[in-house]
Visitor: 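I have a structure I would like to understand better, so I am pasting it below and will then ask my questions one at a time.
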There are 2 protein chains.
Amino acid sequence: MEQEKEIFFEHLKKEGFKKTGQREKILEVFLRTEGHSSAEDIYSLVRAEDPTVGFTTVYRTLKLLTECGLARQEKFADGYTRYEHGYNHQHHDHLVCIKCGSLIEFFSEVIERKQDEIARKFKFQPTHHSLRIFGICHQCQIQHQAVAS
Amino acid sequence: MEQEKEIFFEHLKKEGFKKTGQREKILEVFLRTEGHSSAEDIYSLVRAEDPTVGFTTVYRTLKLLTECGLARQEKFADGYTRYEHGYNHQHHDHLVCIKCGSLIEFFSEVIERKQDEIARKFKFQPTHHSLRIFGICHQCQIQHQAVAS
DNA sequence: CTAAATGCAAACCATTTGCAACGGA
DNA sequence: TCCGTTGCAAATGGTTTGCATTTAG
């Protein structure tokens with residue numbers, strides 16, 4: 001928490017931006033989230049604690065957090081961009097159910113290593129990656145059977 | 001080409017939809033594309049051959065093509081949804097340059113196998129996946145050095 | 001004939017931007 | 001004080017929808 005604040009404020013100073021209450025509040029709320037939150041999710045959470053913060057500021061701050069590596073954004077098929085932690089959080093990938101939208105997280109050392117190897121082969125300097133396996137989760141497979149019979 | 005048309009027309013019949021000239025034209029154009037085309041890209045290409053086809057029909061047809069597995073869509077950070085072949089085209093993943101936007105395609109048997117293994121572990125029935133490694137491509141690394149010195 | 005398809009224009013909707021008031025440094 | 005920041009409202013832009021007309025089956 002303190003480390004992340006440090007990183008954020010340092011980034012602001014470096015860019016000549018200002019440290020404000022709204023920005024700090026949004027960072028705090030974002031750090032408390034787990035998984036994948038949309039700007040709207042963050043906005044609601046921030047709103048609950050400080051109703052004066054606007055939608056726009058949430059968007060602008062999430063952009064800043066992304067710039068300094070504290071957040072990572074990913075576009076989803078439903079049209080929303082979602083944000084997850086980008087610092088001090090173990091990286092993981094996702095199984096995405098195309099029926100119910102649920103997310104399962106996983107991590108594979110083998111895949112991570114192989115990716116680095118591939119990047120090296122193409123003289124590509126990787127910063128991050130996104131691996132999503134789409135399909136039907138176990139729950140939905142069971143339900144589908146029930147409906148079919 | 002003929003196989004794909006077969007699949008498409010079969011899908012239309014099954015769903016009680018109609019086979020139209022526009023739909024066939026859009027499929028033909030789509031099949032000729034390589035890589036990742038936005039709806040707008042397809043629209044321009046179709047337009048060049050048949051100026052009467054509308055934007056809306058392209059969107060609606062790409063949706064149909066996706067439904068029957070001939071196309072696969074992916075949302076990109078620039079806001080555009082892009083479509084690539086989903087049938088009879090060897091699957092591949094991407095290195096995405098965050099500086100110039102260029103795409104490098106790659107394929108790894110190891111990663112593919114590992115993904116299936118992971119899906120199995122979670123009793124997840126995979127349909128497809130998307131792996132993107134973001135970073136700086138070799139070209140942009142060289143340019144950056146040139147600017148810095 | 002009849003229900004689906006088409007293309008236009010308008011609607012949608014997540015996100016971004018213009019702007020006047022505000023507030024760090 | 002000086003510029004960046006804020007929140008509102010309006011704009012943006014890719015995509016979708018309503019509707020009157022056309023067309024496949």
Visitor: OP1 or OP2 of dA5(C) sitting under 4.0 Å from any side-chain N/O of T57(B)?
Guide: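 For T57(B), the contact criterion (side-chain N or O under 4.0 Å from OP1 or OP2 of dA5(C)) is not met.
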Visitor: Taking atom types as modelled, find out whether Q3(B) and Y87(B) have a side-chain donor-acceptor pair closer than 3.5 angstrom.
Guide: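 Per modelled atom types, Q3(B) and Y87(B) side chains form a pair under 3.5 Å.
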Visitor: CG of L62(B) versus P of dA5(C): gap in Å, rounded?
Guide: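 Going from L62(B) (CG) to dA5(C) (P), I get 15 Å.
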Visitor: When the ring planes of H36(A) and H94(A) are compared, do they come out parallel, tilted or perpendicular, using 30° and 60° as the limits?
Guide: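 The arrangement is perpendicular - the two ring planes meet at more than 60°.
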Visitor: Reading DNA chain D from 5' onward, which residue's closest nucleotide shows up sooner: L64(A) or T56(A)?
Guide: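 Nearest-nucleotide comparison on DNA chain D picks L64(A).
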Visitor: Side-chain N or O of Y59(B) less than 4.0 angstrom from OP1 or OP2 on dT15(D)?
Guide: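 For Y59(B), the contact criterion (side-chain N or O under 4.0 Å from OP1 or OP2 of dT15(D)) is met.
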Visitor: Between the side chains of E84(A) and H89(A), does any donor sit under 3.5 Å from an acceptor?
Guide: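 Note: E84(A) and H89(A) side chains miss the donor-acceptor criterion.
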Visitor: Please tell me whether F107(B) and H92(B) form a close aromatic pair, meaning their ring centres lie under 6.0 Å apart.
Guide: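 For F107(B) and H92(B), the ring centres are not under 6.0 Å apart.
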Visitor: If I take atom CD in residue E74(A) and atom C1' in nucleotide dA14(C), what distance separates them, rounded to the nearest angstrom?
Guide: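 Taking CD of E74(A) and C1' of dA14(C), I get 17 Å after rounding.
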Visitor: Can you tell me the distance, in whole Å, between the NZ atom of K75(B) and the P atom of dG13(D)?
Guide: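 Rounded to whole Å, this separation is 16 Å.
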Visitor: Just the rounded figure in Å: distance from P of dT6(C) to CD of E24(B).
Guide: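 That distance rounds to 12 Å.
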Visitor: Rounded off to whole Å, could you give me the CD-to-C1' distance for the Q73(B) and dT15(D) pair?
Guide: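 Checked: the CD to C1' distance equals 11 Å.
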Visitor: So what does S38(A) hit on the nucleic acid, given a heavy-atom distance under 4.0 Å: a base, only sugar-phosphate, or nothing?
Guide: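 Here S38(A) touches no strand at all.
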Visitor: Rounded to whole angstroms, how far apart are CD on E15(A) and P on dA25(C)?
Guide: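 One finds 16 Å between P of dA25(C) and CD of E15(A), rounded.
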Visitor: Counting any heavy atom closer than 4.0 Å, what does E40(A) reach on the DNA or RNA strands: base, sugar-phosphate only, or nothing?
Guide: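 Result for E40(A) = nothing.
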Visitor: Taking atom P of dC12(C) as reference, at what distance in whole Å does atom CG of D78(A) sit?
Guide: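 Whole-Å distance recorded here is 19 Å.
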Visitor: Both R60(B) and G79(B) contact DNA chain D. Which one's nearest nucleotide lies toward the 5' end?
Guide: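 Taking each residue's closest nucleotide, the earlier one in sequence belongs to G79(B).
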Visitor: Kindly compute the distance separating CG (L95(A)) from CZ (F134(A)), expressed to the nearest 0.5 Å.
Guide: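 Rounded to the nearest 0.5 Å, the CG-CZ separation comes to 10.5 Å.
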Visitor: Taking CZ from F55(B) and C1' from dA10(C), how many angstroms apart are they, rounded to a whole number?
Guide: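 Distance, rounded to whole Å: 15 Å.
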Visitor: With R132(B) as the cation and F76(B) as the aromatic partner, state whether NZ or CZ is under 6.0 Å from the six-membered ring centre and within 45° of the axis.
Guide: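 That pair qualifies as a cation-pi contact.
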Visitor: Are any protein N/O atoms closer than 3.5 Å to N/O atoms in nucleotides 22-25 of chain D? If there are, list each pair with its distance.
Guide:
{"from": "dA24(D)", "atom 1": "O3'", "to": "K19(B)", "atom 2": "O", "distance (Å)": "3.3"}
{"from": "dA24(D)", "atom 1": "N3", "to": "K18(B)", "atom 2": "NZ", "distance (Å)": "3.2"}
{"from": "dG25(D)", "atom 1": "OP1", "to": "K19(B)", "atom 2": "N", "distance (Å)": "3.3"}

Visitor: Among dT15(C), dT5(D), dT15(D), which nucleotide has an atom closest to any side-chain atom of T81(B)?
Guide: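 Closest of the options to the side chain of T81(B): dT15(D).
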Visitor: Going from CD on E4(A) to CG on N88(A), what distance comes out if it is rounded to the nearest 0.5 angstrom?
Guide: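 Between atom CD of E4(A) and atom CG of N88(A) there are 5.5 Å.
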Visitor: Does Q22(A) have a side-chain nitrogen or oxygen under 4.0 Å from the phosphate oxygens OP1 or OP2 of dG23(C)?
Guide: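 It does not, given that no N or O in the side chain of Q22(A) lies less than 4.0 Å from OP1 or OP2 of dG23(C).
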